[in-house]
Amino acid sequence: MKSLGVRAGVADLILLHAGRIFALELKAEDGRPTATQMQFISDFDAAVGPNGGACIEHGLDRALCVLGTWGLLRGVGGLRVPP
């Protein structure tokens, strides 16, 4: 993908909703983000400011909670981030 001009470390999901933009990097429970992934999340967060957000989450349950918090899921009230 790098030959196509894609930046290394770009989040797995880039989501647009209601004029806001979000980036979500998905990791397995025992996965670790690379330095380039962490830099992308930091740069993205700084660029979008209050008009979106970015994070790295481990596991599907935590990722779904983040999507719910961002208002990107319908009909999933009561989602809570697992410990």
For a 4.5 angstrom cut-off between non-hydrogen side-chain atoms, does Thr34 reach Gln37? yes
Would the distance check show the side chain of Thr69 and the main-chain N or O of Cys65 forming a donor-acceptor pair, the cut-off being under 3.5 Å? yes
If you look at every heavy atom in Ala23 and Ile14, which pair is closest and at what distance? CB-CD1, 3.8 Å
Between Leu26 and Leu13, is there a side-chain heavy-atom distance shorter than 4.5 Å? yes
Could you tell me whether the side chain of His58 and the main chain of Gly31 form a donor-acceptor pair under 3.5 Å? yes
When you look at Leu16 and Phe22, which way does the side-chain contact (heavy atoms from CB on, under 4.5 Å) test go after all the steps? CA-CA 6 Å; Leu16 301 167; Phe22 305 91; over 6 Å; no
Non-hydrogen atoms of Arg20 and Gly52 that approach each other most closely: NE-N, 4.2 Å
Minimal non-hydrogen separation, Ala54 against Phe44, with atom names: CB-CD2, 3.5 Å
Leu73 vs Leu64, side-chain contact (heavy atoms from CB on, under 4.5 Å): CA-CA, chis, key distance, verdict: CA-CA 8 Å; Leu73 298 178; Leu64 289 172; 4.1 Å; yes
Taking C-beta and beyond as the side chain, do Leu15 and Leu72 meet within less than 4.5 Å on heavy atoms? yes
Provide the closest heavy-atom pair for Leu24 versus Trp70 in the form atom of the first, atom of the second, distance. CB-CZ3, 4.2 Å
Heavy-atom side-chain proximity of Lys27 to Arg62 below 4.5 angstrom: no
So, do Cys55 and Glu25 sit near enough that their side-chain heavy atoms are less than 4.5 Å apart? no
State, to 0.1 Å, how close Val48 and Gly53 come at their nearest heavy-atom pair, and which atoms those are. CG2-N, 3.8 Å
In short, Ala11 meets Ile41 closest at the heavy-atom pair CB-CD1, 4.3 Å
